[in-house]
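The structure appears right after this line, and notes come after that.
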Amino acid sequence: MSMPSLDSTTLCIEKLVDKFEYEFEQPLLKEMCSVGKIKSFSEGDIIMDTGDILTHMPLVLSGSVKVMTEDSDGGELLLYYLEFGDTCAMTLSCCTKPSKSNIKAISESNAEIIFLPVQKMEEWMIKYHSWRSYVLESYNYRFKEMLESIDNLAFNNMEDRIFKYLREKVIVNKSPKLNITHAAIAAELNSSRVVISRLMKKLERDNKIIQNRNSVDVLDFH
DNA sequence: CCATTAAGATACT
DNA sequence: AGTATCTTAATGG
């Protein structure tokens with residue numbers, strides 16, 4: 001046994017207990033630390049790409065992660081954000097056999113994530129009540145969220161979609177000032193820069209935002 | 001200065 | 001709502 005591994009395990013337990021002491025029971029936390037790996041990411045890092053084989057499920061410890069789909073032409077669409085305590089529904093559904101990811105996960109800020117082997121999922125489902133609840137609840141929550149996304153896509157016009165997008169981003173970034181360009185928004189909503197510019201101008205006229213070069217202040221985000 | 005790039009405008013599909 | 005194209009404005013060397 002080398003000292004570094006002992007140290008990192010101890011550190012890991014401290015970190016997890018600190019964040020999840022009410023969520024998971026102690027033996028589970030210990031197991032999570034012994035088989036899980038904590039990794040740090042910075043803004044823009046690709047955590048998972050489409051086509052990657054899912055061997056581990058991620059659990060967000062800090063920061064935020066955006067989850068998106070990619071179509072055949074490389075067009076992207078933002079699905080949702082993962083924050084503290086969240087996990088990816090995609091990996092939950094494939095715990096029985098290793099499969100490929102349909103989604104792409106990019107770090108929205110600096111983030112820490114613990115990766116747990118998917119093989120442990122089933123084992124823990126039986127062994128730990130708190131784990132079972134957690135998995136079922138997350139699955140349920142993501143399902144609801146996906147329905148909302150579909151609803152938004154199908155029934156809301158682009159202007160509403162942009163404003164919802166901005167408000168969501170204000171929440172995950174914890175700041176009403178967003179450092180983002182029109183082109184970047186267009187990419188995330190799978191639209192075009194000109195269209196975003198047009199509608200952003202309208203939002204500005206309606207006093208919902210104030211625009212600057214490379215950033216935007218969201219005024220009406222409640 | 002100039003090159004690069006974000007954002008606005010206009011016109012057409 | 002999206003594409004193409006041009007103009008204008010900021011930014012950083």
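Below, chain A is the first sequence line, B the second, and so on; all start at residue 1. Predicted, not measured: the structure shown is a model, and the values here were computed from it.
Annotation: cation-pi pair K208(A)/F163(A) present, NZ/CZ under 6.0 Å from the ring centroid and within 45° of its normal.
Only at 4.0 angstrom or more do the heavy atoms of residues 156-167 of chain A sit from any atom of DNA chain B, so none qualifies. Of all the residues in residues 176-184 of chain A, T181(A), H182(A) reach under 4.0 Å from DNA chain B with at least one non-hydrogen atom. Contacts with DNA chain B (heavy atom under 4.0 Å) in residues 208-215 of chain A: Q211(A), N212(A), R213(A), N214(A), listed by number. Within residues 185-193 of chain A, the residues that have a heavy atom under 4.0 Å from DNA chain B are, in order of number, R193(A).
Evaluation of the side chain to side chain contact (heavy atoms under 4.5 Å, CB included) rule for I126(A) yields no partner, not counting sequence neighbours. Shown here are the side chain to side chain contact (heavy atoms under 4.5 Å, CB included) partners of R193(A), two or more places apart in sequence or in another chain: H182(A), A183(A), S197(A). With sequence neighbours left out, I150(A) forms a side chain to side chain contact (heavy atoms under 4.5 Å, CB included) with no residue at all. The ring pair (Phe, Tyr, Trp, His ring centres under 6.0 Å) test applied to F84(A) returns F20(A), not counting sequence neighbours.
For the pairing with V216(A), the side-chain contact (heavy atoms from CB on, under 4.5 Å) check across I209(A), I210(A), T181(A) returns one residue only, I209(A). Of the options I103(A), N190(A), T50(A), L78(A), a side-chain contact (heavy atoms from CB on, under 4.5 Å) to T69(A) is made by I103(A) and by none of the others.
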Would you tabulate the side-chain donor-acceptor contacts of residues 35-45 of chain A under 3.5 Å, counting partners in other chains and residues two or more places apart, or write 'none'?
unit_1	atom_1	unit_2	atom_2	d
S42(A)	OG	D45(A)	OD2	3.3
D45(A)	OD2	S42(A)	N	2.8

Determine all donor-acceptor pairs shorter than 3.5 Å in which one atom belongs to a side chain in residues 170-177 of chain A; sequence neighbours excluded.
unit_1	atom_1	unit_2	atom_2	d
S175(A)	OG	K177(A)	N	3.1
S175(A)	OG	K177(A)	O	3.2
K177(A)	NZ	D217(A)	OD1	3.3
K177(A)	NZ	D217(A)	OD2	3.4

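On the nucleic acid side, DNA chain B has its first and last nucleotide under 4.0 Å of a heavy atom of chain A at dT5(B) to dA11(B), going 5' to 3'. In summary, contact between chain A and DNA chain C, defined as any nucleotide atom under 4.0 Å from a heavy atom of the protein, begins and ends at dA1(C) to dT11(C) in the 5' to 3' direction.
The two atoms that bring G63(A) and S109(A) nearest to each other are CA-OG, 3.6 Å, heavy atoms only. Pairing each heavy atom of A186(A) with each of S192(A), the nearest pair is CB-C, 3.5 Å.
The backbone N or O of N212(A) lies less than 3.5 Å from no partner atom in the side chain of S215(A), so there is not a single donor-acceptor pair. The backbone N or O of L189(A) sits less than 3.5 Å from a side-chain atom of R161(A), completing a donor-acceptor pair. Under the 3.5 Å distance criterion, the side-chain polar atoms of Y134(A) are matched with a main-chain donor or acceptor of G85(A).
A distance of 6.0 Å or more separates the ring centres of Y128(A) and F24(A).
D86(A) has a carboxylate O that lies under 4.0 Å from a charged side-chain N of R142(A), or vice versa, which qualifies the two as a salt bridge.
In this structure the side chain of L79(A) never reaches within 4.5 angstrom of the side chain of E145(A), judged on heavy atoms.
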